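Given the structure is predicted, the values throughout are model-derived calculations rather than measurements.
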Amino acid sequence: RTVPLGARITGSDWREGGLTPDDAVSIAAALKGEGIDFICISSGGVAADIRNPTEPGYNVPIAARVKREAGIPTRTVGLIVKPEHAEEIVAKAQADLVSMARSFLDDPHWGWHAAKVLGADACELYALDDARAVEPLSRVISDGEPVVRRQVAWALGAIGDPRAVP
């Protein structure tokens, strides 16, 4: 396999009798045993009457727990909209990846703005569809560079800035 394979699971249903972070750890460990490379922790949304927490990064503690207890890289979501917040999550090893679709829907140039805030040079970034930019997840996680900066690079390339192609 040349690309990492991940699975998105719920970290909590936020309701009594629903899935819990304990379940997420068990599911992640089982998926790791089947060869999954990373787990994306999401939560809620299983019924109209359930309200997820509303603080930014509300899934981060669950992702950190799954990462620690199941021993698998994690990606997290959940009202993470500021580049500094995403960077902090990765820098503190609470998750290995941060996903933020709504931020990009709100601002298609979010990647450029994040690069500026984080001090990255957008002109030196790689294109997502360029095979040279696709790296094994283990290398991205272990090379010491915060992963969120790599994701910004990929997002910029995906938007199609020709300056981003090496």
Side-chain angles (χ1 to χ4, degrees), residues 1-106 110-111 114 118 126 128-129 131 133-158:
R1 192 169 70 207
T2 60
V3 296
L5 179 63
R8 187 170 190 161
I9 65 172
T10 189
S12 176
D13 283 341
W14 305 111
R15 74 180 318 166
E16 190 160 332
L19 292 173
T20 68
D22 290 337
D23 297 317
V25 170
S26 296
I27 293 166
L31 289 170
K32 178 183 177 186
E34 294 298 320
I36 292 292
D37 297 303
F38 72 94
I39 299 292
C40 179
I41 302 295
S42 186
S43 67
V46 298
D49 63 332
I50 296 175
R51 299 292 175 249
N52 285 15
T54 57
E55 70 272 2
Y58 60 88
N59 288 315
V60 172
I62 302 169
R65 181 173 171 201
V66 167
K67 175 183 167 91
R68 184 179 61 252
E69 294 180 22
I72 189 167
T74 58
R75 180 175 77 184
T76 191
V77 301
L79 299 178
I80 302 163
V81 297
K82 295 183 179 179
E84 303 91 343
H85 186 202
E87 183 85 354
E88 177 185 352
I89 291 165
V90 173
K92 288 183 175 180
Q94 295 170 311
D96 300 287
L97 304 161
V98 172
S99 185
M100 49 185 62
R102 288 187 182 99
S103 295
F104 283 92
L105 291 172
D106 272 352
W110 189 94
L118 296 174
Y126 298 94
L128 178 62
D129 59 352
V134 178
E135 298 181 43
L137 182 66
S138 60
R139 185 164 147 215
V140 173
I141 291 171
S142 66
D143 73 359
E145 181 179 339
V147 176
V148 72
R149 292 184 192 211
R150 290 290 175 101
Q151 288 187 311
V152 167
W154 290 347
L156 287 172

Gly11 and Ile62 have their tightest heavy-atom pair at CA-CG2, 3.7 Å
- Task: Say whether, by atom type as modelled, one donor and one acceptor occur between the side chain of Asp37 and the main chain of Leu5 under 3.5 angstrom.
- Result: yes
Please check if the side chain of Trp110 supplies one atom and the backbone of Arg102 the other of a donor-acceptor pair under 3.5 Å. no
Of all heavy-atom pairs linking Gly57 and Pro61, the shortest is O-CD, 3.6 Å
query = Is it true that a side-chain atom of Arg15 and a backbone atom of Ser12 form a donor plus acceptor pair closer than 3.5 Å?
reply = no
Contacts of Leu19 meeting side chain to side chain contact (heavy atoms under 4.5 Å, CB included) (sequence neighbours excluded), chain-then-number -> Thr10, Asp13, Asp23
Contacts of Glu34 meeting side chain to side chain contact (heavy atoms under 4.5 Å, CB included) (sequence neighbours excluded), chain-then-number -> none
Can you confirm whether Asp96 sits close enough to Phe38 that some side-chain heavy atom of one is under 4.5 Å from a side-chain heavy atom of the other? no
Here the pair of heavy atoms bringing Ala63 nearest to Ala95 is CB-CB, 4.4 Å
Determine whether Val81 and Asp106 make a side-chain contact, defined as any pair of heavy atoms from C-beta on separated by less than 4.5 Å.
no
Rounding to 0.5 Å, atoms CD (Gln94) and CZ (Arg68) come to a distance of 10.0 Å
Heavy-atom nearest pair, Val66 first then Ala28, reads CG1-CB, 3.5 Å
Interatomic distance, NZ@Lys67 vs CD1@Ile41, rounded to 0.5 Å, equals 12.0 Å
Rounding to 0.5 Å, atoms CZ (Arg8) and OG (Ser99) come to a distance of 6.0 Å
Side chains of Ser43 and Asn59: do they bring a donor and an acceptor to under 3.5 Å? yes
Nearest heavy-atom contact between Leu31 and Ala7 is CD1-CB, 3.9 Å
From the list Val98, Ile89, Leu79, side-chain contact (heavy atoms from CB on, under 4.5 Å) partner of Val60 resolves to Ile89
So OG1 of Thr74 and CD1 of Ile39: to nearest 0.5 Å the spacing works out to 9.0 Å
Ala29 and Ala70 have their tightest heavy-atom pair at N-CB, 3.8 Å
